[in-house]
Amino acid sequence: MARHLITSAIPYINGVKHLGNLVGSQLPADLYARYLRGRGHEVLFLCATDEHGTPAELAAAKAGQDVAEYCAEMHEVQARLAEGFRLSFDHFGRSSSPQNHALTQHFAGRLYDEGLITEVSETQMYSKADGRFLPDRYIEGTCPNCGFDSARGDQCDNCTKQLDPVDLIDPHSTISGSKDLEMRETKHLYLRQSTMKDQLDGWISAKSDWPVLTTSIAKKWLHDGDGLQDRGITRDLDWGIPVKRGSEDWPGMEGKVFYVWFDAPIEYVACAQEWVDAGKGSDWERWWRTDKGADDVTYTQFMGKDNVPFHTLSFPATILGSGEPWKLVDYIKSFNYLNYEGGQFSTSRGRGVFMDQALEILPADYWRWWLLSHAPESSDAEFTWENFQVSVNKDLADVLGNFVSRVTKFCRSKFGETVPEGGTYGPTEEALIADLNQKLAAYQTHMEAMDVRKSAQELRAIWVAGNEYLQSAAPWAAFKEDPDRAAAIVRLSLNLIRVYAIISAPFIPDACDTLKSAFGIEDAAWPDDMSDALAVLPAGTEFTVPENLFRKITEDEVADWSARFSGQRN
RNA sequence: GCCUCGGUAGCUCAGCGGUUAGAGUUGACCGCUCAUAACGGUUAGGUCGCAGGUUCGAAUCCUGCCCGAGGCACCA
């Protein structure tokens with residue numbers, strides 16, 4: 001039994017996430033967490049909402065709410081959706097928690113003591129009407145290069161030229177529309193991660209088993225241009241963690257807050273404290289402090305490729321730079337993007353399916369299965385309704401659902417709702433068991449390697465093996481000549497359903513719960529040897545024939561949903 | 001412009017130096033009739049983006065080009 005700390009990239013508080021966000025971090029993290037728990041390991045699986053920053057302030061203002069209020073509400077919304085998708089977080093925290101405030105300030109103090117923080121004076125665009133400094137992308141004006149009239153302060157969307165806000169002709173705030181802007185001097189803290197370049201480079205270079213996606217992004221940031229650059233870790237905002245060194249004030253930094261990308265990853269640590277403070281655990285340091293028991297913890301992070309630089313460089317710089325024995329990540333599993341019907345999912349345009357809408361249409365298992373079996377591991381992947389329909393109908397309804405249905409209903413009609421006795425196992429059963437042992441081993445290997453798609457494929461192959469067995473054993477034919485033989489076949493098949501309920505649970509937990517309750521399964525121990533595992537339900541065990549596990553998606557629904565989610569979320 | 005990843009059967013993908021290039025799905029055919037018109041079997045289908053090169057041998061390595069996606073740092 002090993003100890004595994006698992007975190008999923010924390011979703012931004014600004015609205016409901018779409019399926020692309022879900023499959024890029026939370027869902028595969030949940031798959032892995034459920035699998036490891038199923039194998040009997042000790043797991044701490046954490047996630048949270050990322051709540052600070054300008055977009056949150058603006059979203060709150062748009063909703064006519066106070067930021068704190070808005071975030072509290074949206075946190076609840078996201079927490080409910082996470083439950084809806086059966087994401088089995090041990091705790092779903094908030095980056096705005098008091099624990100994270102204290103810890104972020106603590107890290108900043110440590111980094112300062114280690115000489116890793118410098119103060120930099122710079123000028124930024126200030127809007128008097130908005131009463132705030134504006135991030136570059138919230139300033140628009142005419143592009144000096146191509147004349148496009150809605151160029152943003154960071155880049156012109158028309159000619160793609162990189163811009164500085166002061167370059168814009170006739171700039172205005174996109175928040176208020178005000179043109180009363182001026183450059184003002186402001187002072188910020190920078191994390192001197194450039195001084196840690198070699199250390200980080202050596203660490204990344206040693207990770208030859210990480211996904212190429214992870215290491216290639218990290219190395220690009222390390223080696224491109226002038227190499228790893230220092231990063232500003234503070235902002236002139238109201239909503240955030242006040243800049244302090246530990247519990248002491250930071251002279252000259254009054255009224256400023258830490259930048260979200262500094263405090264967000266620290267929330268992984270703070271979240272463990274929240275977990276304890278919520279009464280769900282007793283000792284968070286044995287997960288996070290190598291001097292207090294965390295040295296035997298394996299820490300795995302899951303994220304989309306956009307989050308990789310912060311997890312491979314900035315956060316490790318924070319951890320290492322503190323000079324304290326914090327647990328460093330052992331493996332970073334990163335994902336590409338999921339596209340929607342030939343284009344991108346778009347939060348702003350409402351294109352694609354969002355978590356709340358998905359659950360209104362179909363139960364979580366359908367989505368979990370499709371998303372995980374098509375996870376964007378080696379390249380960007382594509383969601384189409386047609387593919388979704390075909391995969392779900394075939395894999396879940398036909399291959400797995402119908403197997404359960406044909407076995408349980410046959411048993412009910414011939415032997416009643418009780419595992420039948422009589423008969424013995426022969427060569428057909430031995431061949432099946434040998435095949436299943438081999439497939440189970442392959443499934444476990446893939447799961448342990450976090451090869452999500454391959455795991456799904458192998459699991460499906462295990463389901464198929466059940467149908468192949470039934471076809472060759474043909475209990476419906478055997479029953480006419482030798483009812484005992486049919487009883488043996490059915491007994492084995494019913495036991496196979498029990499095994500399915502256990503090993504499929506990481507992918508489709510609800511359907512597996514349905515099966516477990518239909519068979520009154522209490523011993524859900526992961527199968528070790530199939531021969532033993534298929535003898536756990538003895539003759540005489542009562543069960544109830546479950547409702548069909550999965551329904552089919554119809555052509556009409558596909559047509560309806562394609563039209564409904566093509567854009568303009570209502 | 002620069003960088004990264006990808007371009008393999010109608011579709012979704014695997015293979016990433018070595019026997020006739022694989023799987024699922026789709027299509028065709030056969031079988032079964034326990035089951036959600038489900039299941040099992042057989043079979044069709046590919047000049048592995050294009051052009052060169054290295055090699056006894058390349059989908060697999062190198063170069064160039066074409067196409068797609070993403071990044072190029074203070075945007076979460």
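Here is how names work: the chains are called A, B, and so on, in the same order as the sequence lines, proteins then strands, and each is numbered from 1.
Of the N and O atoms on the side chains of A/N100 and A/S95, not one donor lies less than 3.5 Å from an acceptor on the other residue. A side-chain donor from one of A/W370 and A/N387 sits under 3.5 Å from a side-chain acceptor of the other. In this model, no donor atom of one side chain and acceptor atom of the other lie less than 3.5 Å apart for A/Q229 and A/Y190. A side-chain donor-acceptor contact under 3.5 Å links A/S504 and A/W463.
Rounded to whole angstrom, the span from the OH atom of A/Y337 across to the P atom of B/G68 amounts to 19 Å. For A/Q471 and B/C32, the CD to P distance is 9 Å, given to the nearest whole Å. As rounded to whole Å, 18 Å separates atom P of B/C34 from atom CG of A/D398. Between A/L400 atom CG and B/G24 atom C1' the separation is 16 Å, expressed in whole Å. In this structure, CG of A/L396 is placed 13 Å from P of B/U25, rounded to the nearest angstrom. Between the C1' atom of B/G41 and the CG atom of A/N467 lies a distance of 13 Å, rounded to the nearest Å. The separation between A/K305 atom NZ and B/G6 atom P is 11 Å, rounded to whole Å. As rounded to whole Å, 16 Å separates atom C1' of B/A35 from atom CD1 of A/I489.
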Please write out the pairs of protein N or O atoms and N or O atoms of nucleotides 9-13 of chain B separated by less than 3.5 Å, giving the distance to one decimal.
{"from": "B/U12", "atom 1": "O4'", "to": "A/N387", "atom 2": "ND2", "distance (Å)": "3.2"}
{"from": "B/C13", "atom 1": "O5'", "to": "A/R453", "atom 2": "NH2", "distance (Å)": "3.2"}

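Nucleic acid contact class of A/L549 (heavy atoms, under 4.0 Å, all strands): base. Counting any heavy atom pair closer than 4.0 Å across all strands shown, A/G53 reaches no nucleic acid atom. Residue contacts shown for A/K454 are limited to sugar-phosphate atoms, with no base heavy atom under 4.0 Å away. No engagement by A/N339 is indicated, since no non-hydrogen atom pair under 4.0 Å with the nucleic acid exists. Looking at heavy-atom distances under 4.0 Å, A/F550 makes contact with a base. Residue A/V464 is classed as a sugar-phosphate contact, given heavy-atom separations below 4.0 Å to backbone atoms only. Within 4.0 Å of A/D230, counting heavy atoms only, lies at least one base atom of the nucleic acid.
When the side-chain nitrogen and oxygen atoms of A/K552 are compared with OP1 and OP2 of B/A38, one or more of them lie within a distance under 4.0 Å. For B/C39, neither phosphate oxygen OP1 nor OP2 lies less than 4.0 angstrom from any side-chain nitrogen or oxygen of A/Y469. Close to B/U33, at under 4.0 Å from its OP1 or OP2, lies no side-chain N or O of A/K409. For the pair A/K394 and B/C39, the criterion of a side-chain N or O lying under 4.0 Å from OP1 or OP2 is met.
A salt bridge does not link A/R192 to A/D230: none of the charged nitrogens lies less than 4.0 Å from a carboxylate oxygen. Salt bridge status for A/E377 with A/K305: absent, with no side-chain N to carboxylate O gap under 4.0 Å. For the pair A/E267 and A/R94, the salt-bridge criterion is not met [side-chain N within less than 4.0 Å of a carboxylate O].
Not a single donor-acceptor contact under 3.5 angstrom links the side-chain atoms of A/N402 to the base of B/A38.
Within the 4.5 Å cutoff, side-chain heavy atoms of A/P420 are placed close to those of A/L494.
With values rounded to the nearest 0.5 angstrom, A/R485 atom CZ is found 5.5 Å from A/T428 atom OG1. The CG atom of A/N307 sits 12.5 Å away from the CZ atom of A/F315 when rounded to the nearest 0.5 Å.
When the P atom is used for both B/A44 and B/G57, the distance is 31 Å, rounded to whole Å.
Of the candidate nucleotides B/G41, B/U36, B/A73, B/U36 has the atom lying nearest to any side-chain atom of A/N548.
Residue A/W476 and nucleotide B/C34 are classified as a stacked aromatic pair, their ring centres being separated by less than 5.5 Å at an interplanar angle below 30°.
Remark: A/Y469 engages no residue in a ring pair (Phe, Tyr, Trp, His ring centres under 6.0 Å) (not counting sequence neighbours).
Where pairing requires Watson-Crick or G-U contacts shorter than 3.5 Å, the helical stems of RNA chain B with at least three consecutive pairs are B:1-7 with B:66-72, B:10-13 with B:22-25, B:26-31 with B:39-44, B:49-53 with B:61-65.
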